[in-house]
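Everything numeric here is computed off the predicted structure, so don't read it as measured data.
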Amino acid sequence: MNFHEYQAKQLFAEFGIPVPAGTAVDSVEAAVEAAQALGGEAWMVKAQIHAGGRGKAGGVKYCKNLDEVRSAAQGMLGTNMETYQSGGVALPVNLVLVAEATDIVKELYLSALIDRSSKTISFIVSAEGGVDIEQVAEENPDAIHTVDVDYVQGLMPYQCRDIAFAMGLSAKQAGMLTRIMIGIYNLFIAKDLALIELNPLAIVKGGELMALDGKVNSDDNANFRRPDLVAMRDESQEDATEVEAARHELNYVTMDGNIACMVNGAGLAMATMDVIKLNGGEPANFLDVGGGTNAERVKEAFKIILANPNVKAILVNIFGGIVRNDLIAEGIINAVKEVGCTIPVIARLEGTNVEQGRKLLAESGLAIETATDLNDAARKAVAAAGQGA
């Protein structure tokens, strides 16, 4: 689950990580009032969307007076913003963050994430912040420092000091960085997070360190024990179909093709998309209905699939291990009837009660074509979608 910048900064402040004062607002007048309440002579107005690269898309403005605050907020609120990190999707700007402007001396980079190769929480730190860390890694890899945290010991202060001095920070700044890194680590553990990124973590006028921008991702598997984070979710920033699928405990990801996939099991779903591609087709989605799926879930999956106007054919690929294929066949038949499906459906069933399932489909009187194996199913789906093999 992703969070807005203002929400990330709320979490940072809770764990002692210094951030500029700021307020998230949803109207132009509220933006001006927020700037007045903050005081000072300059402010930042920042569009709140779940994507980086906002500055290059006009979503970050430095304002020297209240008229500029009003103009900046007016130009962002109610618009849709696409950045190079938004995946080709224009996201709605429903909020802007009005924050005090700071005098930046130098920009640093700091992130914490789960490194599955080392099975640790790892910190990535660089003296070159404010730019894409991938670019730094490619052009100047020596500028990137990594710390793997022992899960039993936790993050040790000496590890933070070593990193600080490797980046050329002063002794005072090394102490600040240590407190920030330990705060980040405690936040990561306390909230079951998957990623924290400060870019930039800035040295501001006076020599202090401050998180000027922040990105936080949490682990969805921990949602059941993190109601405070779930309450912060902004569904307007997410694909509406994916949100609806999640409500029915379906794992769904929208893609660009026109052959919809309904599969039980993530690995089998990935293989199904691969075979569609090998046969010249393009999958319209990833959809894992789960190993223990049932007829009701199949019906909901059909509704979600058919909400995509680009879908020209549906490939159902079910391996009946826990689930019985005859029950799945009944679910497919009822779903096709109930949702009024008019596009071709190709079904490949294997496993428990497969013959009964295939018989039910064959005798249904509906335009449901069965396949002998996955390759056969993919070829038929590609042909039905009019793409050619």
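- Under a 3.5 Å cut-off, the side chain of N308 and the backbone N or O of N310 do form a donor-acceptor pair.
- For the residue pair E244 / Y252, no side-chain donor-acceptor distance below 3.5 Å is found, with atom types taken as modelled.
- Hydrophobic clustering (ILVMFWY, side-chain heavy atoms < 4.5 Å, transitive): V89 and M76 are in one cluster.
- Taking CG of L366 as the reference point, atom CD1 of I332 lies at 11.0 Å (rounded to 0.5 Å).
- Checked by atom type, the side-chain pair D219/N221 shows a donor-acceptor distance below 3.5 Å.
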Side-chain donor-acceptor contacts of residues 176-189 below 3.5 Å, not counting sequence neighbours, with atom names and distances?
from, atom 1, to, atom 2, distance (Å)
T178, OG1, A174, O, 2.8
N186, ND2, I182, O, 3.3

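- What you find for L349 and A329 is that their closest heavy atoms are CD1-CB, 4.5 Å.
- Judged by distance alone, with hydrogens and angles left aside, the side-chain atoms of Q237 form a donor-acceptor pair with the main-chain N or O of H50 at under 3.5 Å.
- The pair E300-R247 fails the salt-bridge criterion, with no side-chain N (NZ, NE, NH1 or NH2) lying under 4.0 Å from an Asp/Glu carboxylate O.
- Across all their heavy atoms, N279 and A378 have their closest contact at ND2-CB, 3.6 Å.
- Using a 4.5 Å heavy-atom threshold, the side chains of S111 and I196 count as separate.
- Side-chain contact between K46 and V98: absent, with no pair of heavy atoms (C-beta onward) separated by less than 4.5 Å.
- Using a 4.0 Å cut-off between a side-chain N of Lys or Arg and a carboxylate O of Asp or Glu, E338 and K299 qualify as a salt bridge.
- Ion pairing of D274 with K277 is absent here, as no side-chain N (NZ or NE/NH1/NH2) approaches a carboxylate O to less than 4.0 Å.
- With K106 contributing its side chain and A127 its backbone, the two residues share a donor-acceptor pair below 3.5 Å.
- In this structure, CG in L193 is found 7.0 Å from CG in L11, a value given to the nearest 0.5 Å.
- Expressed to the nearest 0.5 Å, how far CD of E242 lies from CZ of F286 amounts to 11.0 Å.
- Ionic pairing of D213 and K9 is not present here: no N-O contact between side-chain nitrogen and carboxylate oxygen is shorter than 4.0 angstrom.
- Between E330 and R324 no salt bridge is recorded (no basic side-chain N to carboxylate O distance below 4.0 Å).
- Side-chain contact annotation: D234 with H4, donor-acceptor N/O pair under 3.5 Å present.
- Heavy atoms only, all atoms of each residue included: P141 and E139 are closest at CD-C, 3.7 Å.
- S364 places a side-chain N or O within 3.5 Å of a backbone atom of L361 that can act as its donor or acceptor partner.
- Counting heavy atoms from C-beta on, the side chains of E238 and R233 come closer than 4.5 Å.
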Handout entry: Full working for side chain to side chain contact (heavy atoms under 4.5 Å, CB included) between L169 and I203
Key = CA-CA 10 Å; L169 300 184; I203 301 172; 3.8 Å; yes
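- Tracing side-chain contacts under 4.5 Å through hydrophobic residues (I, L, V, M, F, W, Y), one never reaches L95 starting from V69; they form parts of separate clusters.
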Exercise for the section: For L306 and I314, run side chain to side chain contact (heavy atoms under 4.5 Å, CB included): C-alpha distance rounded to whole Å, both residues' side-chain angles, the deciding distance at 0.1 Å, then the answer. Expected result: CA-CA 9 Å; L306 292 172; I314 301 173; 4.0 Å; yes
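- Residues I276 and E282 fail the side-chain proximity criterion, which asks for heavy atoms closer than 4.5 Å.
- The closest donor-acceptor contact from the side chain of T120 to the backbone of D150 lies at 3.5 Å or more, if one exists at all.
- At a threshold of 4.5 Å between non-hydrogen side-chain atoms, the residues F3 and L229 count as touching.
- To the nearest 0.5 Å, atoms CD (E208) and OG1 (T102) are separated by 11.0 Å.
- For R225 and D192, the salt-bridge test passes: some basic side-chain N is under 4.0 Å from an acidic carboxylate O.
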Atom pairs and distances, side-chain donor-acceptor, residues 155-166, under 3.5 Å, sequence neighbours left out:
from, atom 1, to, atom 2, distance (Å)
Q159, OE1, M156, N, 3.0

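- E197 is listed as a side-chain neighbour of Y109, based on a closest heavy-atom distance under 4.5 Å.
- D115 has no carboxylate O lying under 4.0 Å from a charged side-chain N of K119, or vice versa, which leaves the two without a salt bridge.
- Looking only at side-chain heavy atoms (C-beta outward), V316 and R348 stay at 4.5 Å or farther from each other.
- Linking Ile, Leu, Val, Met, Phe, Trp and Tyr residues whenever their side-chain heavy atoms come within less than 4.5 Å leaves V263 and V275 in two separate clusters.
- Between E363 and R358 there is no salt bridge, since none of the side-chain N atoms of the basic residue sits less than 4.0 Å from a carboxylate O of the acidic one.
- Two residues are said to be in side-chain contact when any heavy atoms from C-beta on lie closer than 4.5 Å; V382 and R379 fail this criterion.
- A donor and an acceptor atom, one from each side chain of N317 and T272, are located under 3.5 Å apart.
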Practice task
Run the numbers on E68 and K61 for side chain to side chain contact (heavy atoms under 4.5 Å, CB included), then give the verdict.
Solution key: CA-CA 9 Å; E68 290 185 3; K61 297 291 186 182; over 6 Å; no
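- Annotation for E138: atom CD does not count as buried by contact number, only 12 or fewer foreign heavy atoms lying within 6.0 Å.
- In this structure, Q7 contributes its side chain and M232 its backbone to a donor-acceptor pair below 3.5 Å.
- No hydrogens or angles considered: a donor-acceptor pair under 3.5 Å links the side chains of S236 and N94.
- Interatomic distance, CG of L91 versus OG1 of T79, reported as 10.5 Å (0.5 Å rounding).
- Here OG1 of T370 is found 12.0 Å from CG of L360. Values are rounded to the nearest 0.5 Å.
- Hydrophobic clustering of Ile, Leu, Val, Met, Phe, Trp and Tyr side chains at less than 4.5 Å, counting indirect connections, keeps V289 apart from L327.
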Exercise for the section: Any chance you could lay out the side chain to side chain donor-acceptor pair (under 3.5 Å) test for D148 and S122, step after step, and finish with the verdict? Expected result: CA-CA 4 Å; D148 294 331; S122 293; 2.5 Å; yes
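- W43 contributes no side-chain N or O that, together with a main-chain N or O of E100, makes up a donor-acceptor pair within less than 3.5 Å.
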Exercise for the section: Quick one: do I305 and M262 satisfy side chain to side chain contact (heavy atoms under 4.5 Å, CB included)? Show the steps, please. Expected result: CA-CA 8 Å; I305 283 170; M262 188 179 78; 4.0 Å; yes
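- Nearest heavy atom pair, residue L212 against residue A202, reads CD1-CB, 3.5 Å.
- Although no hydrogens or angles enter the test, the distance criterion places no donor-acceptor pair under 3.5 Å between the side chain of E107 and the main chain of L201.
- Proximity of a side-chain donor or acceptor of T83 to a complementary backbone N or O of A57 within less than 3.5 Å is not detected.
- Enclosure of atom CG in D256 is not indicated, since only 12 or fewer non-hydrogen atoms of other residues, nucleotides or ligands lie within 6.0 angstrom.
- Between the side chain of Q85 and the backbone N or O of G52, at least one donor-acceptor pair lies under 3.5 Å.
- If you chain together hydrophobic residues whose side chains sit under 4.5 Å apart, V311 and F302 fall into the same group.
- Between S126 and I133, the shortest heavy-atom distance links the atoms CB-CD1, 4.1 Å.
- Taking both residues in full, the closest heavy atoms of T372 and E350 are given as O-OE2, 3.5 Å, listed atom of the first, atom of the second, then distance.
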